[in-house]
K.L.:
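Handing you this structure, nothing more for now.
So that the names make sense, note that chain A is the first sequence line, chain B the second, and so on, each numbered from 1.
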Amino acid sequence: MSHESLISALYVFALAAFLGYQVISRVPPLLHTPLMSATNAISGISLVGSIVTAGAGHSTTSTILGFVAVVCASTNVVGGFVITDRMLRMFKRRDVTKKD
Amino acid sequence: MSHESLISALYVFALAAFLGYQVISRVPPLLHTPLMSATNAISGISLVGSIVTAGAGHSTTSTILGFVAVVCASTNVVGGFVITDRMLRMFKRRDVTKKD
Amino acid sequence: MQTYFIELSYLLASILFILGLKGLSHPETAKRGMHLAEFGMLMAIIGTLMHHEIVTYTWILAGLAIGSVVGLAMGVWVPMTAMPQRTALSHAFGALAAALVGVAEYLKGAGHLDTVTMSALGFEVMLGSLTTTGSLLAFAKLQGMVRGTPMTYKGQNVFNMLLLATTVGIFIYLVINPGSMTLFFIMAGLAFVFGLLLVMPIGSADMPVVMSLLNSYAGLASAATGFVLSNKVLIIAGTLDGFSGFILSILMCRAMNRSITNVLFGAFGSATTAGESGEQQGSMREVGLEDIATQLAYANKVVFVPGYGLATAQAQHAVRELADVLEKRGVTVKYGIHPVAGRMPGHMNVLLAEANVPYSSLYELEQINPEFATTDVSVVIGANDVVNPDARDNPSSPIAGMPILEVDRSKSVVVLKRGQGKGFSGLENPLFFKPVTGMLYGDAKDTLTRLVQAVQHA
Amino acid sequence: MQTYFIELSYLLASILFILGLKGLSHPETAKRGMHLAEFGMLMAIIGTLMHHEIVTYTWILAGLAIGSVVGLAMGVWVPMTAMPQRTALSHAFGALAAALVGVAEYLKGAGHLDTVTMSALGFEVMLGSLTTTGSLLAFAKLQGMVRGTPMTYKGQNVFNMLLLATTVGIFIYLVINPGSMTLFFIMAGLAFVFGLLLVMPIGSADMPVVMSLLNSYAGLASAATGFVLSNKVLIIAGTLDGFSGFILSILMCRAMNRSITNVLFGAFGSATTAGESGEQQGSMREVGLEDIATQLAYANKVVFVPGYGLATAQAQHAVRELADVLEKRGVTVKYGIHPVAGRMPGHMNVLLAEANVPYSSLYELEQINPEFATTDVSVVIGANDVVNPDARDNPSSPIAGMPILEVDRSKSVVVLKRGQGKGFSGLENPLFFKPVTGMLYGDAKDTLTRLVQAVQHA
Ligand SMILES: NC(=O)c1ccc[n+]([C@@H]2O[C@H](COP(=O)([O-])OP(=O)(O)OC[C@H]3O[C@@H](n4cnc5c(N)ncnc54)[C@H](OP(=O)(O)O)[C@@H]3O)[C@@H](O)[C@H]2O)c1
Ligand SMILES: NC(=O)c1ccc[n+]([C@@H]2O[C@H](COP(=O)([O-])OP(=O)(O)OC[C@H]3O[C@@H](n4cnc5c(N)ncnc54)[C@H](OP(=O)(O)O)[C@@H]3O)[C@@H](O)[C@H]2O)c1
């Protein structure tokens, strides 16, 4: 890893850490469960690494590892987002529910 | 500017923009004047560029430009911070002022 | 050109993830926010598919297809009450992916890994491995496949610490000598074991704290992957995730007035702790269903306080029906939601939302507590610890200092539970012995359904 | 090694700047926050001094010394009432530094500048130049060296737009052909002129909005410098700054219910606008000082509403004395602070803080408005537009929709001003003609000092 990449990575990490703190601490308790499953879905971003590993064909071992990783990560992503959506659709304001 | 530097710079810019928005929008109106002078002081960070220009000795012109820039930027930094401190020292809670 | 496209798609994805999480600051904007985050993920995937190192798409597409189907199935069919388990399982998947990518990267570069890359790689594999097994055990406990109570033995903490120290020791050795492949796999193996040991002594109600921590580790593992691959979207998404988990666990601990160490190593909710609760004088007063129905029907203001029992009884729809009937009679109905009621943060909110309770009726601790003084009837539904007045009144109680919903300040309290069962903490609850309190035994769903009928005839 | 040290000092500085600004979210943490930011700046400077390109320190140290002395002098001696001017002047310095660095970089690399660097450089020089002259003119107007009213002429906006278009045109040409040095200097020159033209048509009370925008430009100029030098601390600090300025100007515009275009091109507060105010029926009622003193002395609750007149009269200490005397008599005293009262955001808060008014007595618009109904006497001190009921009641008023402090809802209103002078908007204020209102003419400081004595003898 080059010196410049490391420095950039550290900057990005530091800024993301602050931002994470700021953004997350504004989420109300009402939405903590959706928050958990949303971040769970987002943590499936390791899919990005998995895809390259599965497709680069370095060796059979790494292709297999990559394939399993793709399956796991995409389960995580799809499952996480689907369920977050499902939960969020349930949160309704008073006026909407009054009608049914 | 290398391709990787540009990408890193864009990331840093994007994250700083979000962070700026989050942090600044939490400053109460009470402290808007100190905020103005604090950011004014921080914008004196161009001092960092000025110093190198003044010291690198590329040409007489650039040394002069750099020197003037150092004067301006450090005025900005020192003046800004001194006055922000002065203002902030004035903000007191009730209990403190009750005594005098 | 291609590289630019990939990098821009990653930058866009990062921005969309942040916007997505920002959206979660309000229920009105949350849905749109999630769509942005989903779109961000799509961008990141499409960008990655352009990667020049990719020579064959067979395994990628196969993996994506299988994963999507499994994910979709899990997403669509899991009931809301099983949310904690599902999240735990999903963590395990995400963490395993990170660990596997780490192993593959290690195999690829074994000879020529520099210090920084090897450190990041080691972190990734350690965190990924321990999160995988830890989350799986958490899943098993929450799902009831394994006993939910803390499993403890003498010297447990010492043993765990030794194991952790060994793992970290190997890690440090590897950073200096990245070539020792055997040691690398031993490290990964130890991390897998450590994940199990970490979760073993933790009771099922403390699981959310641990799950949030594991979430945080999974995020940090992704961020470490980002350092390994010099990929900024991984760093950003991982870090956001890491912080989210960390903040949630802190918030939960604060809502219980316990330190994170106590949660992790205290084996809280085990039999030993329960022993401390001491004897309670006085007796519980059982009241009739009809009496309560009349009381509710003629009240001005009723506050429902749901807890874990509501979730196990799946009584969220029944409580909503009761509320409807009462509101039709002109009674003001509110819900008091304790931040750690149930078995995951926000658990009660999701369940009640599922039953169509508008979120404007859900009140947080600080909002509802001042209102109990003017409340005619507080109905405690399968909640116990979160309404235990000992937390406020008895400084020697194990839960002393935990903020509670002060239902005992209202004119009358009705407690719906099945019997003499204790809450997660295993403590006796003096609320049940107060003169103001009446007990109504039975499964919450049954009781509530019968109350609805009784109120309709009152 | 050295490079690592420099980079780490920059990273630390960036983090400290962010922490510093975060500190400003509460008056209790603000001071500590600023110390962190100052320390960050120190780290950044020390790091820079290690830079390998530096061959001589003479000019650097001389420049730092001179700048620090001037800055210190400005910081220590400028009175609080002159804060707007000082900030404007300081912006000019910062922006000039950015512009000069840009020019030096251009001279250094003239032949071999790639597209990205040249774009960033062009931005830096353009923004830096126009901010320099714009801020200088703003300073002159606020300091009273130049007439504060808008300077307008026919076709002004068209001319400005043409000038801007030309400048941008040259900029684009330069990005493609970075070699044309003459054009580069013409671009810089035009930007200097544009800065003046931009500020000319703006009235002195609208200056804060423009100053915030200029602040934002100065920040973006620094960020552009960061792109040129691949220096991340410049990007971060500049961007934070840019956003801060931008957000403040948006907030001010919202508090006036005006668009930013109207502020920049509307020439608000000029004679033409004033003509529209129309005739006001009824007459102003003058009341005696003794009467008011008695009213205040026997009131239960008094709200002071300060405005720009408080600043010009330097009456902040006098109002605090009056409040002290009243509080000693058991009267509840509060201050209602409009977000755009005075001539810069937060202006009134700083002035009152200077006079030792505790910030817990300062109430924002939303907090104090519901309280007027229970207020016995509202004392308007040199405020005018911010209490103009037309903004609420008369949809055809130029300030219609601007949120106001609704003093006219209180039982009695006293207005302290020198005479029939109008506010910044040049509009007649129907408040002064309401039966509930009494006028007390004279310089605010004099009047308040006399009121203190009168209350003491009441
Ligand atoms: N939510 C979180 O994120 C989180 C995190 C960490 C820790 N915790 C802990 O979890 C606990 C949550 O407190 P809580 O008050 O919600 O629950 P609780 O204290 O665990 O009490 C649950 C009560 O529900 C009753 N119950 C169980 N099944 C029922 C059914 N089918 N119908 C009616 N009642 C039923 C039980 O009594 P019977 O057996 O007599 O029916 C029990 O008293 C706290 O100790 C908290 O510290 C929560
Ligand atoms: N604060 C900001 O950031 C900001 C930004 C943009 C625009 N503005 C604009 O600035 C204006 C601020 O409103 P404002 O109510 O504070 O002030 P204002 O409307 O400008 O009125 C000031 C009043 O003070 C009186 N006055 C002047 N000197 C005085 C003295 N020595 N003693 C007593 N009275 C004196 C004047 O009347 P006499 O001449 O009769 O004494 C005048 O009516 C608004 O129009 C706002 O939109 C402010």
K.L.:
Measuring from atom CZ of Arg26(B) to atom CD1 of Ile247(D), what distance do you get when rounded to the nearest 0.5 angstrom?
P.N.:
12.5 Å
K.L.:
Select one option (side chain, backbone, both, neither) describing which atoms of Leu352(D) are under 4.5 Å from chain B's heavy atoms.
P.N.:
neither
K.L.:
What part of Ile42(B) gets within 4.5 angstrom of chain D, counting heavy atoms only: side chain, backbone, both, or neither?
P.N.:
both
K.L.:
Under 4.5 Å, counting heavy-atom pairs only, tell me which of Leu19(B), Leu15(B), Leu35(B) racks up the most with chain D.
P.N.:
Leu35(B)
K.L.:
Can you tell which part of Ala255(D) gets under 4.5 Å to a heavy atom of chain B, answering side chain, backbone, both or neither?
P.N.:
neither
K.L.:
Phe13(B): what forms a ring-ring contact (aromatic ring centres under 6.0 Å, His included) with it, not counting sequence neighbours?
P.N.:
none
K.L.:
Is chain D contacted by the side chain of Val68(B), its backbone, both, or neither, given a heavy-atom distance below 4.5 Å?
P.N.:
both
K.L.:
Among Gly80(B), Gly20(B), Ala16(B), Ala17(B), which residue forms the greatest number of heavy-atom pairs with chain D at distances under 4.5 Å?
P.N.:
Ala17(B)
K.L.:
Angle between ring planes, Phe91(B) versus Tyr359(D), binned at 30° and 60°: parallel, tilted or perpendicular?
P.N.:
tilted
K.L.:
By a 4.5 Å heavy-atom criterion (distance strictly below it), what part of Ser212(D) contacts chain B: side chain, backbone, both, or neither?
P.N.:
both
K.L.:
Show the nearest heavy-atom pair for residues Ser244(D) and Thr39(B), with the distance to one decimal.
P.N.:
OG-CG2, 3.2 Å
K.L.:
Check whether any side-chain heavy atom of Phe67(B) lies under 4.5 Å from a side-chain heavy atom of Ile66(D), and answer yes or no.
P.N.:
yes
K.L.:
Just so I understand: if I count every heavy-atom pair under 4.5 Å between each of Asp324(D), Leu96(D), Leu89(D), Val76(D) and chain B, which residue has the most?
P.N.:
Val76(D)
K.L.:
Leu248(D) versus chain B, heavy atoms under 4.5 Å apart: side chain, backbone, both or neither?
P.N.:
side chain
K.L.:
Before giving the answer on side-chain contact (heavy atoms from CB on, under 4.5 Å), spell out for Val70(D) and Val71(B) the whole-Å C-alpha distance, their side-chain angles and the decisive distance to 0.1 Å.
P.N.:
CA-CA 9 Å; Val70(D) 178; Val71(B) 174; 5.6 Å; no
K.L.:
With distance as the sole test, does Arg86(D) use its side chain to make a donor-acceptor pair with the main-chain N or O of Ser37(B) at under 3.5 Å?
P.N.:
no
K.L.:
Kindly indicate whether the side chain of Pro27(D), heavy atoms from C-beta on, has any atom under 4.5 Å from the side chain of Leu30(B).
P.N.:
yes
K.L.:
Below 4.5 Å, heavy-atom pairs only: which of Ser222(D), Gly20(D), Pro339(D) has the largest tally toward chain B?
P.N.:
Ser222(D)
K.L.:
Pick from Gly57(B), Ser46(B), Gly66(B): which one has the most heavy-atom pairs with chain D under 4.5 Å?
P.N.:
Ser46(B)
K.L.:
Give the C-alpha distance, both sets of side-chain angles, the deciding distance and a yes or no for side-chain contact (heavy atoms from CB on, under 4.5 Å) between Met74(D) and Ile83(B).
P.N.:
CA-CA 8 Å; Met74(D) 262 173 67; Ile83(B) 212 139; over 6 Å; no
K.L.:
Which of the residues Asp85(B), Leu47(B), Thr63(B), Thr53(B) is involved in the greatest number of heavy-atom pairs with chain D at under 4.5 angstrom?
P.N.:
Asp85(B)
K.L.:
With a 4.5 Å cut-off on side-chain heavy atoms, are Phe246(D) and Ile24(B) touching?
P.N.:
no
K.L.:
Drop me the distance from Ile51(B)'s CD1 to Tyr57(D)'s OH, to the nearest 0.5 angstrom.
P.N.:
9.5 Å
K.L.:
Pick from Thr56(D), Leu362(D), Val350(D): which one has the most heavy-atom pairs with chain B under 4.5 Å?
P.N.:
Val350(D)
K.L.:
Mind ranking Thr225(D), Val103(D), Leu21(D) by heavy-atom pairs under 4.5 Å with chain B and telling me who comes out on top?
P.N.:
Leu21(D)
K.L.:
Any non-hydrogen side-chain atom of Asn349(D) less than 4.5 Å from a side-chain atom of Leu31(B)?
P.N.:
no
K.L.:
Under the side-chain contact (heavy atoms from CB on, under 4.5 Å) rule, what do Ser8(B) and Lys232(D) come out as? Steps first, then yes or no, please.
P.N.:
CA-CA 9 Å; Ser8(B) 307; Lys232(D) 302 205 176 50; 3.8 Å; yes
K.L.:
Taking the side chain as everything from C-beta on, heavy atoms only, tell me whether Thr84(B) gets closer than 4.5 Å to Glu38(D).
P.N.:
no
K.L.:
Can you find a pair of side-chain heavy atoms, one from Leu240(D) and one from Val23(B), that are under 4.5 Å apart?
P.N.:
no
K.L.:
I need the Ser62(B) OG to Leu107(D) CG distance, nearest 0.5 Å.
P.N.:
7.5 Å
K.L.:
Minimum heavy-atom separation for Pro28(B) and Leu24(D), please, with both atom names.
P.N.:
CD-O, 3.5 Å
K.L.:
Taking the side chain as C-beta and beyond, is there a heavy-atom pair between Glu53(D) and His58(B) under 4.5 Å?
P.N.:
yes
K.L.:
To the nearest 0.5 Å, what is the distance between CE on Met41(D) and OG on Ser74(B)?
P.N.:
10.5 Å
K.L.:
When you measure from the side chain of Asn76(B) to the backbone of Phe93(D), do you find a donor-acceptor pair of N or O atoms at a distance under 3.5 Å?
P.N.:
no
K.L.:
For a 4.5 angstrom cut-off between non-hydrogen side-chain atoms, does Pro358(D) reach Lys92(B)?
P.N.:
no
K.L.:
First locate atom CG of Leu351(D), then atom OG1 of Thr33(B), and finally report the distance between them rounded to the nearest 0.5 Å.
P.N.:
8.0 Å
K.L.:
Residues two or more places apart in sequence or in another chain: which of them pass side chain to side chain contact (heavy atoms under 4.5 Å, CB included) with Ser50(B)?
P.N.:
Ala69(B), Val70(B), Ala73(B), Ala97(D), Val101(D)
K.L.:
Can you name the nearest heavy-atom pair linking Thr87(D) to Asn40(B), along with the distance?
P.N.:
O-ND2, 4.2 Å
K.L.:
For Glu364(D) and Pro29(B), which heavy atoms make the closest approach, and how far apart are they?
P.N.:
OE2-CD, 3.4 Å
K.L.:
Of all heavy-atom pairs between Met36(B) and Pro208(D), which one has the smallest distance, and what is that distance?
P.N.:
CE-O, 4.3 Å
K.L.:
Select, from His26(D), Glu28(D), Met344(D), the one with the greatest count of heavy-atom pairs under 4.5 Å involving chain B.
P.N.:
Glu28(D)
K.L.:
Heavy-atom pairs under 4.5 Å with chain B are the metric here; pick the option from Leu72(D), Asn231(D), Ile337(D) that has the most.
P.N.:
Leu72(D)
K.L.:
Below 4.5 Å from any heavy atom of chain D, which atoms of Leu10(B) appear? Answer side chain, backbone, both or neither.
P.N.:
both
K.L.:
Between CE of Met80(D) and CZ of Arg86(B), what distance do you get to the nearest 0.5 Å?
P.N.:
3.5 Å
K.L.:
Which heavy atom in Gly55(B) sits nearest to a heavy atom in Ile60(D), and how many Å separate them?
P.N.:
CA-CD1, 3.7 Å
